[in-house]
Amino acid sequence: MKLSGVELLRIRMPLVAPFRTSFGTQDVRELLLVRVVTPTGEGWGECVALADPHYSSEYVDGAEHVMRDYLVPALLRAEEVSAHRVAQILAPVKGHRMAKAALEMAVLDAELRARDTSFATALGSARDSVPCGVSVGIMDSIPQLIDVVGGYVDAGYARIKLKIAPGWDVDPVRAVRERFGDDLLLQVDANTAYTLSDVPQLQRLDPFGLLLIEQPLEEEDVRGHAELARHISTPICLDESIVSARSAADAIALGACRIVNIKPGRVGGYLEARRVHDVCAAHGVPVWCGGMLETGLGRAANVALASLPGFTLPGDTSASDRFYRTDITEPFVLDAGRLRVPSGPGLGVTPIPEALTEVTTRKSWLDS
Ligand code: OSB
Ligand code: MG
């Protein structure tokens with residue numbers, strides 16, 4: 001198909017509570033949405049880039065800029081656009097995977113809606129609901145953390161992930177274990193906050209039976225993770241370092257990780273995310289679906305991805321109300337710790353016009 005045009009929407013959604021990680025605190029989600037229009041309909045994409053380049057080099061203003069000046073014009077020039085061709089059409093632009101992923105997601109949505117096929121079916125779903133975990137930010141105190149975790153446990157979440165950083169690691173983990181017991185599925189995420197000189201401190205996490213420690217060292221330090229793995233018993237899971245199926249294969253071959261967090265935006269799209277899944281499955285490496293404070297659009301696609309057979313650990317696919325009081329789509333609601341995989345065409349959800357208008361701060365239309 002040939003695209004008729006692309007709309008870029010900037011939206012701003014307040015978070016229900018501040019979300020603090022080792023790289024900063026978010027109070028509000030600044031987001032970039034994409035709507036592609038084709039002769040037969042439309043499709044929606046969500047760009048996961050954050051407001052600031054502190055998790056990854058991409059950030060929302062940069063993503064909008066590269067879309068407007070490079071990526072969207074390339075798609076509008078192409079005579080034959082399909083989701084499977086998007087990466088190839090955009091390949092002359094280096095990097096910018098989150099921006100490319102959002103465009104591919106929108107094209108895939110448009111294509112699947114036209115074919116009356118769901119994301120889940122197209123990606124190779126193996127189940128109609130997925131168990132959900134929740135990512136818990138760094139708190140001001142241990143009692144506050146215990147309160148917040150208790151709320152999520154009561155809500156039914158199947159797994160808790162604690163954000164950690166030097167000064168907020170062993171004590172919170174010990175407190176959560178003591179309060180909620182050894183059966184709680186518990187993991188931690190450092191977002192690159194440690195170095196190899198922290199081996200003694202990271203070894204102190206070994207006794208707590210964590211499922212995994214996510215991305216303790218910096219993004220490019222794959223070999224460092226392999227070295228760290230020789231000194232700690234907690235399995236290492238990579239997030240930031242995994243930017244493609246090839247980088248996943250390399251990290252596994254080097255012994256840098258035993259588990260992989262798959263975020264479609266970080267690897268350039270849902271199709272590459274599927275390939276990361278396949279590479280990991282071929283190596284017997286469990287994967288789980290990460291999150292980037294998505295709206296219902298990205299959440300719908302993530303839940304579909306998380307229903308693939310290799311996703312054997314609960315992901316950061318929490319309910320809409322984990323981050324937002326009002327979602328822009330029908331909300332995802334937890335049911336016995338699980339979310340239902342949307343089965344309608346494409347994403348299976350669409351923005352509610354009034355809810356979208358409420359949070360939209362800027363729109364631009366691009367056509368040839
Ligand atoms: O490292 O997984 C991460 C949010 C923003 C950026 C990076 C990360 C996260 C989370 C939240 O942990 C996951 C979610 O959306 O639930
Ligand atoms: Mg992470």
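If you're wondering where the values come from, they're calculated on a predicted model, not measured in any experiment. Start at 1 and go down the list; that is how both ligands and their atoms are numbered.
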Regarding ligand 1, does Ser135 bring an N or O atom to under 3.5 Å of one of the ligand's N or O atoms? yes
Residue-level breakdown please: for Gln215 versus ligand 1, do any non-hydrogen atoms fall below 4.0 Å on the side chain, on the backbone, on both, or on neither? neither
Residue that, paired with Asp239, satisfies salt bridge (charged side-chain N to carboxylate O under 4.0 Å, His left out) out of Lys263, Lys163, Lys161: Lys263
From the options Leu145, Asp189, Leu210, select the one residue that forms a side chain to side chain contact (heavy atoms under 4.5 Å, CB included) with Leu162. Leu145
Looking only at side-chain N and O atoms, does Ser241 offer a donor or acceptor that is under 3.5 Å from a partner on Gln215? yes
Backbone, side chain, both or neither: what part of Asp189 comes under 4.0 angstrom of ligand 1, heavy atoms only? side chain
Protein contact to atom 16 (O) of ligand 1 [nearest heavy atom, distance to 0.1 Å]: Phe323 CE1, 3.3 Å
Student check: side-chain heavy atoms of Arg266 and Asn261 closer than 4.5 Å: yes
Has Arg322 got any heavy atom lying under 4.0 angstrom from an atom of ligand 1? no
Answer side chain, backbone, both or neither: which part of Asp239 comes under 4.0 Å from ligand 1, heavy atoms only. side chain
Which residue holds the protein heavy atom closest to atom 4 (C) of ligand 1, what is that atom called, and what is the gap in Å? Leu293 CD1, 3.5 Å
Do we get Arg159 above Trp288's six-membered ring, with its NZ or CZ under 6.0 Å from the centre and within 45° of the axis? yes
If you count the non-hydrogen atoms of other residues, nucleotides and ligands that lie under 6.0 Å from CG in Asp183, is the total more than 12? no
Taking atom 1 (O) of ligand 1 as the reference point, the nearest protein heavy atom with its distance: Asn191 ND2, 2.7 Å
So is there a nitrogen or oxygen of Glu240 less than 3.5 Å from a nitrogen or oxygen in ligand 1? no
Listing residue and atom name, which protein N/O/S atoms are closer to the Mg ion (ligand 2) than 2.8 Å? Asp189 OD2, Glu214 OE2, Asp239 OD2
Run the side-chain donor-acceptor check on residues 29-40: report pairs under 3.5 Å with partners two or more places apart or on a different chain.
residue : atom : partner : partner atom : Å
Arg29   : NE   : Met292  : O            : 3.3
Arg29   : NE   : Leu293  : O            : 3.4
Arg29   : NH1  : Ala49   : O            : 3.1
Arg29   : NH2  : Val48   : O            : 2.9
Arg29   : NH2  : Met292  : O            : 2.9
Glu30   : OE2  : Arg12   : NH1          : 2.5
Arg35   : NE   : Glu7    : OE1          : 3.0
Arg35   : NH1  : Glu42   : OE1          : 2.7
Arg35   : NH2  : Glu7    : OE1          : 3.3
Thr38   : OG1  : Thr40   : N            : 3.2
Thr38   : OG1  : Thr40   : OG1          : 3.3
Thr38   : OG1  : Gly41   : N            : 3.1
Thr38   : OG1  : Gly41   : O            : 3.2

Gln26 touching ligand 1 at heavy-atom level, < 4.0 angstrom: no
Under 3.5 Å, is there a donor-acceptor pair linking the side chains of Asp316 and Ser135? no
Under the criterion side chain to side chain contact (heavy atoms under 4.5 Å, CB included), I'd like the reasoning laid out for Thr234 against Asp206: C-alpha separation, chi angles, the key distance, then a yes or no. CA-CA 6 Å; Thr234 307; Asp206 284 349; 3.4 Å; yes
Does CD in Gln144 sit with more than 12 non-hydrogen atoms of other residues, nucleotides or ligands closer than 6.0 Å? yes
What protein heavy atom sits nearest atom 6 (C) of ligand 1, and how far away is it? Met292 SD, 3.5 Å
Phe23 neighbourhood, listing ligand 1 atoms whose heavy-atom distance to it stays under 4.0 Å: 6 (C)
Can you find a heavy atom in the side chain of Asp52 that is under 4.5 Å from one in the side chain of Tyr59? no
The protein heavy atom nearest to atom 13 (C) of ligand 1 is Gly291 O, 3.3 Å
Can we say Asp171 and Arg204 salt-bridge, meaning some charged N sits less than 4.0 Å from an Asp/Glu carboxylate O? no
Give the residue, atom name and distance (to 0.1 Å) of the protein heavy atom nearest atom 7 (C) of ligand 1. Lys263 NZ, 3.3 Å
Could you say whether the N/O atoms of Tyr55 and ligand 1 ever approach to under 3.5 Å? no
Any idea how Phe119 and Tyr270 line up, ring-wise: parallel (<30°), tilted (30 to 60°), or perpendicular (>60°)? perpendicular
